Amino acid sequence: LDATASGIQILALMSGDISAARHCNVLDMDGHRQDAYTNIYDLMQKDFSFDVIDRKQTKYALNR
């Protein structure tokens, strides 16, 4: 639907990963625009407590 996370979007399409496609706006399942980087950051914060890592650093790491 848009290029909010183009690298992740291409990987989601190539792999056929429906969950990834939802998280990076390839598929619009609920009418809500997703932010893949914030979703991943939130999942990391849920499982681990990283006080020194923020969303910007998460995005940087995923794009490398």
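Computation of the quantities below employed the complete heavy-atom set of this structure, encompassing side-chain atoms and omitting hydrogens, waters and symmetry-equivalent molecules. Bear in mind that the values here come from a model prediction, so they are computed numbers and not experimental data.
Considering every non-hydrogen atom in both N25 and H32, the closest pair reads OD1-O, 4.4 Å. Closest approach of H23 to Q34, counting heavy atoms only: O-CB, 3.4 Å.
Atoms CD and CG, on Q57 and D54 in that order, are 4.0 Å from each other to the nearest 0.5 Å. With rounding to the nearest 0.5 angstrom, the CD atom of Q45 is 7.5 Å from the OG1 atom of T58. Interatomic distance, I8 CD1 to L13 CG, rounded to the nearest 0.5 Å: 12.0 Å.
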Fill in: Derivation of the side-chain contact (heavy atoms from CB on, under 4.5 Å) call for D42 and I40
CA-CA 5 Å; D42 289 344; I40 293 168; over 6 Å; no

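When atom types are taken as modelled, the side chain of Y41 and the backbone of I53 share a donor-acceptor pair closer than 3.5 angstrom.
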